[in-house]
Structures are given as C-alpha cells and as structure tokens.
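The next block holds one structure in the form of structure tokens; read it before the comments.
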Amino acid sequence: MKYDFKSIEQRSRKMWDDMELYKVENDSNKPKFYVLDMFPYPSGAGLHVGHPLGYIASDIFSRYKRMNGFNVLHPMGYDAFGLPAEEYALSTGIHPADSTRENMARYKDQLSSLGFSFDWTREIATCNPGYYKWTQWIFTQLFSHYYNKTSDSAQSIDSLVEIFQAKGNAEVDASSDQKEIFSADDWNAWDEVRQAEILMNYRLAYQKIGYVNWCEELGTVLANDQVKDGISERGGHPVVQKPMTQWYLRITAYADRLLYGLDNIDWSDSLKTIQTNWIGRSEGASIHFKIDGHDDSIEVFTTRPDTIFGATYMVLAPEHELVKKIKTEDQQEEVDHYVAYVKAKTEIERMAEKKVTGAFTGAYAIHPFNQTRIPIWIGEYVLKDYGTGAIMAVPSDDERDHAFATKFGLEIINVVDKTNYPGAGMHDKLGVMINSDFMNGMEVKDAITLTCQKVEEKGFGKAEVNYKLRDAGFSRQRYWGEPFPVYYDEKGIAKVLDKDQLPLELPATDDFKPGSGGKSPLSRLTDWVEMDNGYRRETDIMPAVAGSSWYYLRYMDPGNDEEFASQKAVSYWQDVDLYVGGSEHAVAHLMYARFWHKFLYDKGLVPTEEPFKKLINQGMIQGVIEFLFLDKKSANVKRFVSSELVNEENASDFAKIPVHIDFVSEYGSKDSYMDNNGLEQFLNWRPEYKDAIFESNNGIYPGNQDIRMTTWSEVGKMSKSKFNVINPEEIVGRYGADTFRMYEMFLGPIEQSKPWDTQGIEGVSKFIRRFWGLFFVNDKLSLVDEVPDKQELKILHQVIKKVSEDIEKFSFNTAVSALMIAVNELKKLNCRKKDILIPLLKLIAPFAPYTSEGLWKLSGNESSIHITDFPEYDESFLVQDSFEYPVCVNGKKRFIKSFPSDISKDEIENTVLDLDELQRWIDGKTIIKTIVVPKRMINIVVK
RNA sequence: GCGGGUGUGAUGAAAUUGGUAGACAUGCUAGACUUAGGAUCUAGUGCUUCACGGCGUGGGGGUUCGAGUCCCUCCACCCGCACCA
C-alpha cells in the first residue's frame, strides 16, 4: 500500500467532521485544559509557511493532552477589525466587511487542511455584532467604574457619587486626574455638567484632551507602538503631536497589579522584562518647591530625594503650564523663542540630536530645607509626560543635569562622597552624604528613607511611586472597528448605552474614507449620528486591541446572548493554560488583555487574576530575499550587475532590487543565480526594465545565451513586498500536511526564528514514508501478533519516554528526532510486531494526525486513534544489562570496558584497578583516586 | 547608554544540566540497484596526521580528575526600552 497522503487526508477529515471529534462541552468529568493560539488578523495575503508554526505546536500539545485524558478547549477565530482591511478597501473599493469575510473563509480553508483539531463550532470574529456587543459592554462597564486604591479594586461610579454627596472627595483614594479637593457642599451645588466633568477624572474609560500621534495621511490617531521614530509603522507617513479629545482607558490604575502579577505566571524572562520595563515602576518622592513671589509651587518627582541639598536649579518641560505664568519680563523673549524652537522640531529631530538646550525663566524657587533661591529653567530634556514634567536638578549626581549645569554655568554642589565605592557610577545609589545638613555622614540608602520622612513631616511632599506606563488613547477616527456605545445628551454629557441596547451596530456605508482634520467617517452619517431624542452618537471607533483583549473568554461560551460568557462556562474553563503566539504582541495586546481580565476579576466575573498561565512565544520563519544589483548611475539604459562584481568599495554605487524567488535558480543557497530564463521572466514581470542590460563575469545579456547572474541573498521576513513568500499549500500539496507539520517542528526550537529551507523537508518526508513502510510488505498489511523481544521493547519505551518529556517541555524538534531514531532502528530490525508499532502509532498521532489515523484504520481498528490513550512508558524496559564505561586517566579517555548494570561502585573500582590495560596508561604513576560516575564513566586520577 | 538573549561542522541543530561534543536531518563524496528519477539502499563526512596521536563549542584567563555547560574578562550579533529625573 503506497503512502497516498491526499486520500488519507480527505478521508480522515471527513471522519473527524462526521464524528464531531473536536467538539468540546463546557463540562466533563475529565480535567480541563485550555490551549489558545493568538487568533490571526485575516489579511488578504493569506497564510505563509511561517504562520502555522505556533498553531502546529499548540495542536500537537492539544492532541497530546486530549489523548492523556483532558477535556481540551482549542479554539480558533479572527481578529477581524483593523486598519489593513480599511486601507485595502480604500485602494480597491471593496468593502472591508466583504474582503474580511472572504479572507476569513480563505484562512479557515488553509487552516483546516493542516489537520488542526480546532473546535470550529466555537469560531469567533471580532467584527461580528454578536461578538462586539460584549466588547462594547465591557467598555460601558469600564466607563461606569473607578479604581479604589484603598480596596485595590474597581468600584462602581455610583458608589463614588454617593461618597461625593456625603463627604466630597477628600477621603477618596482613587486613580484619577482629579487634583482639586472639594466638599460635599461643593459637589451638591454643582450642576450636572460640572459633576460629569469631575466624574470623567475618575472613570476607568474616560475622555480627556490629550496630545495624540496624528497621522494626516492615514487620517487617524496611532498608538505609541504603531509609531517608529516619528513615522507610522504602516505606510511610513509622518506623525505629529496634535491635541484632541480622546477616549482613554485608565490602565495606569492597574500598574502595580500588572507588574506583580508577572511573578505568578509562566512566561519567558524576556517577555516579563519587556512588560516590566514598559510599566516602569520607580520609587521616590514628590516634593513641592515654592516659587519666589508666586502662590504656585512646582511639584517634582525624584528617585533621589537624598540629593536635595545638591539641587541647585530646577527645570520645567517647555510645555509645562507654569512656564507662561512665571517667566519674567526680562526673560520673556528668550523663553518664547526657546518654546517656539522646541515646538518646531519634529520627534525625529528631537531624538536624533541630543544637544543640551534650555532657557532661564527669570523666576526662582525656594529650597524647602535651606530656603536658598534657586533658578528655574526650562529645557527639552525634561519630558512633559513623565513624572510631573518638572525636576529638581542635581548636577553632582545626574549626568544630564551635570551637562546642563556645565553648559549654562550653574552651581554644582557635591552631596555624595563615593570614595568608598570606586567604580560606582553617578547614578548608583551608593556613597556617603556630605554638604547635606541633617544627612551628613549617612549612607545613601538610609538618607533616602530619612528625607522621605522629613519631607512628609514638614508637609512639602511625600514618598511616591511613579510609572512610565501611560493611559493609552482608545479612540480611532476610522470606520472598520467597534463604534463606542456612547451618546451625548442635550447638555453634551457622555452617556453609555444599556446592555439591552447593545450591540450598537457599525452602520453600513460605502463612504468610509477618513475625514479631514480628525473627523471620523461615521460623523458624516448624520442619520445615524443624530438620534430620535435629539441626542448625538460618539463617532469615533475603538482600536483593534479592543476586540482582542477578551476574546479568549468568548470561546468559552461563544453563542451566549445574555452574557459575554456564562458564569458556568467561565468557572469551568477558568483561564488559559497554554497561550502560543508571536512576541510582537508582547506589549499592547498582552498588557490590555491582562488589564481587562483584572477588571473583570474585580467585578467577580472571572475567577482568576491572570488570563494566561503559560505563554510560549514562537519564533518567525523567515525567508531568503534575493536581490539584483542595479547601478544607481545608469539612467536611460538600466544596468544590473551580478553580485560577484560588487565589492566593499563599489557597493554604494548599487541599489538592491528584490526579485521574485520564482525566477531564481538554486533559491536560498549560496549559489543562487538567474539564468536567461529567469531574466526573461523578470523582464516580463517588470516591464520598466525591458531595455536593461545585465552584466555578469560570464558575459552580458542580452547577447549571451548562458548568462549567470548571481543574486545577493539576505535572510528576512517573508513578505509580499519582498516576493519571497512560500505558500503552505504548495508544500502540503507536494509532501502532505503531516510532513509539513513535522518539518516545521523539526526545524529547530519553537521560540527561535529561522529561515525556511524547502530542501530539508526531504528528511521528514522519508521518515514518514519509512514509518508507513513498516506496516506493509508488498502492499499488504504485515502487522504480526508476535511477542516483542527485549531490544524492541527498549526502543519503544525509550522513545515514549523521550517524546512525552519533550512535548511537556515544548521541545518538539528533539521529539521528532527521537521518533526518527526509533523508526530507523525498528526498520533495521525489520520489526512488524503489533505490540510495538501500534503504541508507536499513537505516539506519532499528535504530530502526524492524518497518517496515524490512516494506519489506524488500515490496521483494522474502529473509531479514531485520537480518542485512544497516549502510550505510557515502563521504566523496567529501559534498564540495561550492561554498560560501556569509558575509562579515563586524568580526564582523558583511554579505553572502553563493559560492566553488568547491577555492579556496585566498589566492584567496578576493583576490577578496573586490576586491569592490565590500565597499567599501560598509568605507567608507574600513583593512583590518587578513582571516580565512578554511575552509568557514565570511570576516571582514574594519577600523579 | 540601560535591560534581555545568543554565539557549537558547509547548513538547521543535539548534548541526560559538570561526565565519550556534533545525536537527528539537510548538503556533499563514493558506491549498489535500476524501466535514468527530485526514487531506494550502503558507506564516509569537525580539523590535522601515513599512522599512534594531537587540536577543536566567539577570543583570553580561572575553578575542577573532568568545562559547550560554572566564574572573571573581552569581542560579535539579535531583540526590547531609550533624555524615565
């Protein structure tokens, strides 16, 4: 029987569908296990060979867990809202809803062919109203809650209003932007509009005017991580800071919990570090400095309150609100000039040139401890967004302050004596305090504690914790996303829709071009915007991260129309046991999802603090990009040269033009080249080069019939724009899905990025055919009932042990190797015994589901191999009769001696020491000791 | 600059956590069979030496009977953050 993967795949898939094999119920007497993949954005390009890497790994794990008796939830869906579909729509006129639907169907098709065990009955898409009803609902809940720092949890905004009515806000310890203290009388006297404004400062979903990353070309606001060096990540358009009223989510309220939650989850160190850095917690003190001749004071944040006696001047961010107030007439011109200078600079310029710049305001602050007058400056190195946007400058202990003071001739007072700590840097919190009044002689660490105390006692500051984490903007002026479930009443007060008014469906329209000046496309749909009762709808939409922040919960109960998921389902599935996805979501998605989860936890709607217990970041499968060198100086007649003609000296004269990999011979190897045929294809593809000449060291084309243009190869992302995409369908069509799956796993550790190499797949292909061949002789099933011998049992149990352990460790490449070794050995023994091959078949089943199912059926079994038990190993078969011990003298291997496995250490020593062979190597030297490493080696130490 | 990580044959990579480095696979070399193919099988393949042997895990040093693995130091590359007070 030949290995015909096409028919096996078809038959198996039909059987699984008929049996509903992968459908899971929300209760079971089996233990639960939730394996989740990061759901894909269904882009028009379809899948390339890199995408399924994580899905294959998670599928193997799911199948393994299922065969080990777990009730496994392993779902799939689509992150279907977002900018690319809209961009595509703008360039083609195809509605995002249509292109998204088509893309999703294509993805499902491609995914199904790879043999994944997804429960497709739980499929979701974030753009379906039945789904985003609950995205909107969670938003309304965030809107109607605030964060109570005393109870460390979200509380309803109604309970906050009650407190305001009774006592004002003096006793409220909440995460908020509310600075002013008010009494109950104040509150009760205010009108509705004023009260609504105050409440906005507390809500977890709130509006404020903020500087946003505005991209005119894309017509939208971008998140910080969508902007790189002042250029939009998508499209590469310039991005400017623009003030706009935006929705924000108060993620900063959860900063501490997001940070400490990392301690209890099984994520990689690098990922935890990224999140830790992003949250950027720093402990210090906030201190108020009075301004000479003004009522206002400047609040600064510092991690080094101990150095306060070294504070010889202050610096405000140029955008700081006090700058206008305090600048003196003398300095007005200089200050205005400097502020204008800073504003005129783009982000890129500001980052590129790190010049020391600043201006004196003319005003002075009063040092809170010794009452000296210290000058107040402004400087761009102080950022408006971090801390309070103002610093006390300590030039003796901060490099930037030092540079500033040196440039502008400001006083420097040394306050930390570091002579006891040679090698300590300026920033290290080490040394002994000097010139610091009550702190003199103290160690820095103690001085920090003491200053915080003193500052609090005297009432001009307090110990404080500061975070880098910002409340990120949640508004987008776009079409293809969730509409906010928000309207404005006749007074302009923002209100949210009730649950029974949801979903607020995205209105259908073909007019989805972004508006100018930050107006959303929805704002043009006046019928929709203006409600019957005269109220107006919010016209912004939510960012793509909204729908993906809670989707893992929806899979638990995807059809539910009453709740985002029933409490029964949520308490059964609890949380995600294993989450597999790319590290590109290290910050945005994983941070938001954890934030939403914690909020839902506060509301008692989910049973765990953290959504994702264990997370694996799969690496990328890269492609090789092939380039031709184009002479930059060639104008009318374009001139390409072969890569051997380019060297270090002339490299700058050439531009690298990526060519389609289909035109390249020996693609991906060091000797990749284009021949006449390839060049002709290239010219058809790129008619703008039809008159070009191609120069190689074996001649010139046109003219030469055997031209060999060597191409330049680089490893990089597989992408449409680099013309190096390798399609999984191609590989699956040629080798079968199981070979494809196993090869992706065999390629290397799952976390690592590596280039795709189609040639290497042959090895796995051979392995599967060889394994198949073990079951057949002359096309006839050749399984026999004979009792396996010791050697065969050992091979079997060894591989079961290794593969089980490797799957648990997520080390699939070594598991596949172990399977290959086992099959090779059994092949050598010509083993056809049922009791060996059937367990081996089960062992291979998670990796090669189609092939194993096919062989299972052909071997006369009923039902599916995937609902059988995973084989267990028996340690007793692994015990060896004898061991080959390398005998070493002073660590150098000299000869090999065989001993029975149950021999004692002493017996080995005695036997070895008597050996004639040994005498030759010792040769008169004294034996100092003998080291016997059980089952490993014997080392004789001599002198 | 700070933080995290990586460095092993021609290539992708293993190495039971301090114990025979290079498993497994690709590639390459030779051979067998052949209905000549991108099939199958066999042998070889770190460097060096005719050989015994010697040398080899980015460089240098250390601990140890023994180091890819531990310590110190330097170098290279990748990722993240980047005037974070």
Side-chain angles (χ1 to χ4, degrees), chain A residues 225 268-278 280-282 284 300-305 307 311 315 317 350-351 354-356 379-383 385-394 397-401 403-404 425 427 466-469 583-584 586-587 617 619 668-670 734 743 746-749 751-767 769-770 773 801-802 805 811 813-824 827 884-894 896 927-943:
Chain A
D225 52 285
S268 73
D269 286 343
S270 72
L271 211 98
K272 284 186 181 181
T273 317
I274 292 172
Q275 290 221 339
T276 304
N277 291 345
W278 192 260
R281 184 183 203 271
S282 54
V300 301
F301 174 76
T302 177
T303 55
R304 295 296 303 276
T307 62
V315 187
R350 240 171 137 165
M351 282 184 211
K354 289 193 176 171
K355 276 196 298 188
V356 178
E380 62 178 324
Y381 82 98
V382 175
L383 308 171
D385 285 331
Y386 185 73
T388 58
I391 60 158
M392 63 174 207
V394 184
D397 281 272
D398 182 286
E399 272 132 37
R400 294 151 304 165
D401 294 346
F404 195 85
H427 258 104
N466 203 18
Y467 300 94
K468 270 199 276 187
L469 184 71
S583 56
E584 66 271 23
V587 185
N617 279 130
S669 76
K670 263 192 230 142
R734 207 156 100 199
Y743 181 53
F746 182 69
L747 224 41
E751 294 94 339
Q752 230 161 81
S753 291
K754 54 244 153 184
W756 176 263
D757 167 26
T758 301
Q759 215 160 34
I761 202 169
E762 287 294 343
V764 178
S765 175
K766 271 184 215 164
F767 157 74
R769 290 195 309 259
R770 211 173 286 160
K801 182 177 186 197
K802 176 81 175 141
E805 285 172 356
S811 175
N813 54 331
T814 52
V816 175
S817 297
L819 290 169
M820 288 180 172
I821 295 168
V823 167
N824 284 349
K827 178 105 190 176
E884 307 251 290
Y885 282 80
V887 179
C888 307
V889 175
N890 280 353
K892 293 246 188 276
K893 190 178 83 177
R894 293 307 176 185
I896 289 172
I927 293 172
I928 294 176
K929 59 179 166 177
T930 311
I931 297 157
V932 177
V933 183
K935 294 175 189 177
R936 209 146 302 285
M937 54 112 58
I938 300 156
N939 191 21
I940 317 283
V941 185
V942 299
K943 221 173 193 172

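Each chain gets a letter, A, B and so on, in the order its sequence line appears, and its residues count up from 1.
Across C55(B) and C2(B), the matching P atoms stand 39 Å from one another, rounded to whole Å. Across the P atoms, C78(B) and A25(B) are found 33 Å apart, a figure rounded to whole Å. G38(B) sits 15 Å from U29(B) when the P atoms are compared, rounded to a whole Å. Rounded to a whole angstrom, the distance from the P atom of U42(B) to that of C33(B) is 15 Å. Nucleotides U8(B) and U69(B), compared at atom C1', are 12 Å apart to the nearest Å. To the nearest whole angstrom, the two C1' atoms, one in G18(B) and one in U57(B), are 15 Å apart. U6(B) and A10(B) have their P atoms separated by 23 Å, with the value rounded to a whole Å. Nucleotides C47(B) and G56(B), compared at atom C1', are 7 Å apart to the nearest Å.
At the heavy-atom level, L747(A) lies under 4.0 Å from the strands shown only through sugar-phosphate atoms. Across all strands, Q752(A) comes closer than 4.0 Å only to sugar-phosphate atoms, never to a base (heavy-atom distances). At a threshold of 4.0 angstrom between heavy atoms, the contacts of R734(A) include nucleobase atoms, whether or not backbone atoms are also involved. Heavy atoms of K766(A) sit under 4.0 angstrom from primed sugar atoms or phosphate atoms, though from no base atom. Within 4.0 Å (heavy atoms only), P749(A) reaches sugar-phosphate atoms of the nucleic acid but no base atom.
Taking only side-chain atoms of I274(A), from C-beta outward, the nucleotide of G80(B), C83(B), U40(B) with the closest atom is G80(B). Ranking A85(B), G4(B), U26(B) by closeness to the S270(A) side chain, first place goes to G4(B). Side-chain atoms of R400(A) lie closest to C83(B) of the nucleotides C83(B), U26(B), G80(B).
The glycosidic torsion of U63(B) lies more than 90° away from 0, placing the base in the anti range. Nucleotide G38(B) carries an anti base; the chi torsion (O4'-C1'-N9-C4 or O4'-C1'-N1-C2) is more than 90° from 0.
Contact detail for M937(A) and C888(A): the closest heavy-atom pair is CE-SG, 3.3 Å. Pairing each heavy atom of Q275(A) with each of A586(A), the nearest pair is NE2-O, 2.9 Å. Taking all atoms of both residues into account, the shortest heavy-atom contact from N813(A) to F746(A) is CB-O, 3.8 Å. The two atoms that bring V315(A) and A393(A) nearest to each other are CG2-CB, 4.4 Å, heavy atoms only.
Taking atom CZ of R304(A) as the reference point, atom C1' of C84(B) lies 15 Å away to the nearest angstrom. Protein atom CD of E751(A) is 13 Å distant from nucleotide atom P of G5(B), rounded to whole Å. One atom, CH2 of W756(A), and another, P of U26(B), lie 15 Å apart when rounded to the nearest Å. In this structure, N617(A) places its CG atom 12 Å from P of G80(B), rounding to the nearest Å. Between K272(A) atom NZ and G4(B) atom P there is a gap of 14 Å when expressed in whole angstrom units. Here U11(B) presents its C1' atom at 8 Å from CG of D757(A), a figure rounded to the nearest Å. Counting to the nearest Å, the P atom of G27(B) and the CD1 atom of I761(A) are 12 Å from each other. D398(A) places its CG atom 7 Å from the P atom of C84(B), with the value rounded to the nearest Å.
Contact check, R770(A) against C41(B): a side-chain N or O comes under 4.0 Å of OP1 or OP2. Put simply, K754(A) has no side-chain N or O that comes within less than 4.0 Å of OP1 or OP2 on U11(B). Checking the phosphate oxygens (OP1, OP2) of A39(B), no side-chain nitrogen or oxygen of R769(A) falls inside 4.0 Å.
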T814(A) vs S817(A), side-chain hydrogen bond (donor to acceptor under 3.5 Å, both in side chains): CA-CA, chis, key distance, verdict: CA-CA 5 Å; T814(A) 52; S817(A) 297; over 6 Å; no
Begin from the C-alpha positions of W756(A) and Y743(A) and carry the test ring pair (Phe, Tyr, Trp, His ring centres under 6.0 Å) through to its verdict. CA-CA 10 Å; W756(A) 176 263; Y743(A) 181 53; 5.3 Å; yes
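Considering only residues two or more places apart in sequence or on other chains, R281(A) meets the salt bridge (charged side-chain N to carboxylate O under 4.0 Å, His left out) condition with D256(A), E283(A).
Along RNA chain B, the nucleotide nearest D269(A) and the nucleotide nearest S753(A) are compared for position; the residue whose nucleotide lies closer to the 5' end is D269(A). Mapping G389(A) and K802(A) onto RNA chain B via the closest heavy atom, the residue that lands nearer the 5' end is K802(A).
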Pairs counted only when both distances fall under 3.5 Å, Watson-Crick or G-U: show me the 5' to 3' dot-bracket for RNA chain B, [ ] for pseudoknotted crossings and | for other-strand partners. (((((((..(((......[....)))((((((.......))))))(((....)))..(((((..]....))))))))))))....
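A donor-acceptor contact shorter than 3.5 Å links the side chain of K754(A) to the backbone of P749(A). When atom types are taken as modelled, the side chain of T276(A) and the backbone of K272(A) share a donor-acceptor pair closer than 3.5 angstrom. Checked by atom type and distance alone, the side chain of E380(A) never pairs as donor or acceptor with a backbone atom of A317(A) at under 3.5 Å. Under a 3.5 Å cut-off, the side chain of N277(A) and the backbone N or O of G280(A) do not form any donor-acceptor pair.
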Across nucleotides 18-24 of chain B, 5' to 3', mark each nucleotide with B, S or - according to how protein heavy atoms within less than 4.0 Å reach it. -BB--BB
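Classified by interplanar angle (parallel below 30°, tilted 30° to 60°, perpendicular above 60°), the ring pair F301(A)/Y386(A) is perpendicular.
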